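Order of the sequence lines sets the chain letters (A, B, ...), proteins ahead of strands, with each chain counted from 1. Because the structure is predicted, anything quoted here is derived from the model rather than measured.
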There are 2 protein chains.
Amino acid sequence: MHQPILTASQRARRQPAESRLAASAPLSRAESEGPISRTERKERTRQRLIDGALALIGRGRSYTSLSLREIAREAGVVPAAFYRHFRDLDELGLALVEMGGVTLRRLLREARRDGIPPTDMIRGSVLIYKRYVEERALVFRFIAAERAGGSRILRNAIRTEDGHFASEMAQDLRALGVMPDLSSASLQMICGLVVTTMLNAASDILDLPRGQPVQEQEMVANFVRQLRLIFLGAKHWRE
Amino acid sequence: MHQPILTASQRARRQPAESRLAASAPLSRAESEGPISRTERKERTRQRLIDGALALIGRGRSYTSLSLREIAREAGVVPAAFYRHFRDLDELGLALVEMGGVTLRRLLREARRDGIPPTDMIRGSVLIYKRYVEERALVFRFIAAERAGGSRILRNAIRTEDGHFASEMAQDLRALGVMPDLSSASLQMICGLVVTTMLNAASDILDLPRGQPVQEQEMVANFVRQLRLIFLGAKHWRE
DNA sequence: ATATTGAGTGAACATATGTTCACCTAAAGA
DNA sequence: TCTTTAGGTGAACATATGTTCACTCAATAT
């Protein structure tokens, strides 16, 4: 999707519906469904800008180095249209941060739903997490990178999101009854360390060269041992 | 230093030596010392480019978003001169990474020289580290940001540097005789976790709003507890 | 049926960018 | 002494950028 959106009449004139290439037309299904509500169309373009930014990140660019025009181009929209949705790049960035927060929380939700692997809990969780990260590579690349990298506004937003993630994790651990004699404050501190370790590992996971199983297993093994170390410390923690 | 370097004759014609402002002329001392060796002048300009990049980082920009022209301008050099020192921005970045590595290792060297604070070891070390980071804010901002943020080349270079830092730390801990019954591999793993925790904390330290002692103390306390947790885990670690 | 609204357009703007090139000149080498 | 070398210059280039503006036209509101 690299061509600006056209009005319906222009589209009909220049490009008959049956000639569209499915691969490059994510909205083709909807386009053949006739009239679209105004708010729905707006939401769709907004999403296209977000996806455009992520697509560029997926091609190895870092969010901080993206330009407004580049994102608009990727979204198939004229640069000026960007301003109908976001004041500036930071505001788009904040939308991405929120998406990242949702992604993180969903990981916990799925863990609650599916339960923790009963044997070899940490290693099992790490493998699930690794897969989760790989399947959502773009969001995690963004979060991991901008956590320390981008504008101050984004950094702070991500820090807040991380904090919520850690809190929710602490709550879940408490509900599971593990480490029942730890204060909430200690649990929060421990989960904070777990979260930074996880996000640091996310960066490692995403930079793994594919087809190097040895290096991959070493990375996983190291990640597992670091988490074991943390939880071992937690087991012996006295306030 | 925002004006391009001029040749000696031009300089003499336009700007008599006694009219220079010391503040904006870091090389003024040398300039009044007569002829400079070629390699020395080259090294000096190179350093000026590096310092220029760091200065821009210090003004809240992230390295990934810097442009060649911006850096050259900051260094007081014409854009084309950049190429006499670095092939491209990544190569300058690598120089900054190396500077970061040196900075990290010097921290260990000073710790060996001055010894670890005998009582309250971890808290004492944290306070020393915090001060060390604040005094070298620009390098640490760069390292913390580009560790997960920038180009793949820089990320890998920083990972390598981090690894060396962790290894040297492991070696030092071994030499100090703490945790003597841990294997080298385990020590290395533990130090890896300590390093990522330290660098993550560096980012937090640099983002502390000044004049907010409460928030500052909370941050420090949290950092201290996380390290305590890690070393407590290490104490109970069995292979 | 008609008027209003607002997402998206395309052109224009001033400015910034990376890279190249021939050139200058002072240090290094003969 | 004279020649060579190479760091630094300034101009030029094609291209990219953020932002503005009047405009279109289909979905909404009247």
Contacts of type side chain to side chain contact (heavy atoms under 4.5 Å, CB included), residue [X], not counting sequence neighbours:
| X | value |
| --- | --- |
| B/E134 | B/K130, B/I205 |
| B/A111 | none |
| B/T160 | B/H164 |

Which residues pass the side chain to side chain donor-acceptor pair (under 3.5 Å) test with [X], sequence neighbours left out?
| X | value |
| --- | --- |
| A/R105 | A/E161 |
| A/E43 | none |
| A/N222 | none |
| A/S65 | A/R61 |

Interatomic distance, [X] [atom1] vs [N] [atom2] [rounded to whole Å]:
| X | N | atom1 | atom2 | answer |
| --- | --- | --- | --- | --- |
| A/K42 | C/dT5 | NZ | P | 15 Å |
| A/R41 | C/dT5 | CZ | C1' | 15 Å |
| A/R46 | C/dA7 | CZ | C1' | 15 Å |
| A/R44 | C/dG8 | CZ | P | 11 Å |
| A/F82 | D/dT19 | CZ | P | 9 Å |

Of residues 83-99 of chain A, the positions that come close to DNA chain C - non-hydrogen atoms, cut-off under 4.0 Å: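 Heavy-atom contacts with DNA chain C come from A/R84, A/H85.
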Per-pair distances, 0.1 Å, donor-acceptor, side chain in residues 136-149 of chain A, under 3.5 Å, sequence neighbours excluded:
residue : atom : partner : partner atom : Å
A/R136  : NH1  : A/Y132  : O            : 3.4
A/R141  : NH2  : A/L206  : O            : 3.4
A/R141  : NH2  : A/D207  : OD1          : 3.0
A/E146  : OE1  : A/T64   : OG1          : 2.9
A/E146  : OE1  : A/G150  : N            : 3.3
A/E146  : OE2  : A/T64   : OG1          : 3.2
A/R147  : NH1  : A/D162  : OD2          : 2.7
A/R147  : NH2  : B/N200  : OD1          : 2.3

Please tabulate, for the side chains in residues 78-88 of chain A, all donor-acceptor contacts under 3.5 angstrom to protein atoms that are two or more places apart in sequence or on a different chain.
residue : atom : partner : partner atom : Å
A/D88   : OD1  : A/D90   : N            : 3.3
A/D88   : OD1  : A/E91   : N            : 3.1

Just by modelled atom types, is the B/L199 backbone N or O under 3.5 Å from a matching donor or acceptor in the B/S203 side chain?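 Judged by distance alone, no pair lies under 3.5 Å.
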Pairs: protein N or O with nucleotides 28-30 of chain D N or O, under 3.5 Å:
residue : atom : partner : partner atom : Å
D/dT28  : OP1  : A/R38   : N            : 3.0

Hey, is B/E168 close enough to B/R112 for a salt bridge, meaning N to O under 4.0 Å?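 Judged by the 4.0 Å cut-off on N to carboxylate O distance, B/E168 and B/R112 do form a salt bridge.
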Closest approach to the side chain of B/T45, judged atom by atom: which nucleotide of D/dG8, D/dC21, D/dG7 is it?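 Nearest to the side-chain atoms of B/T45, counting from C-beta on, is D/dG8.
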Sort me out a list of protein N/O and nucleotides 14-17 of chain D N/O pairs below 3.5 Å, or just none if empty.
residue : atom : partner : partner atom : Å
D/dT17  : OP1  : A/S67   : OG           : 2.7
D/dT17  : OP2  : A/R73   : NH2          : 2.5

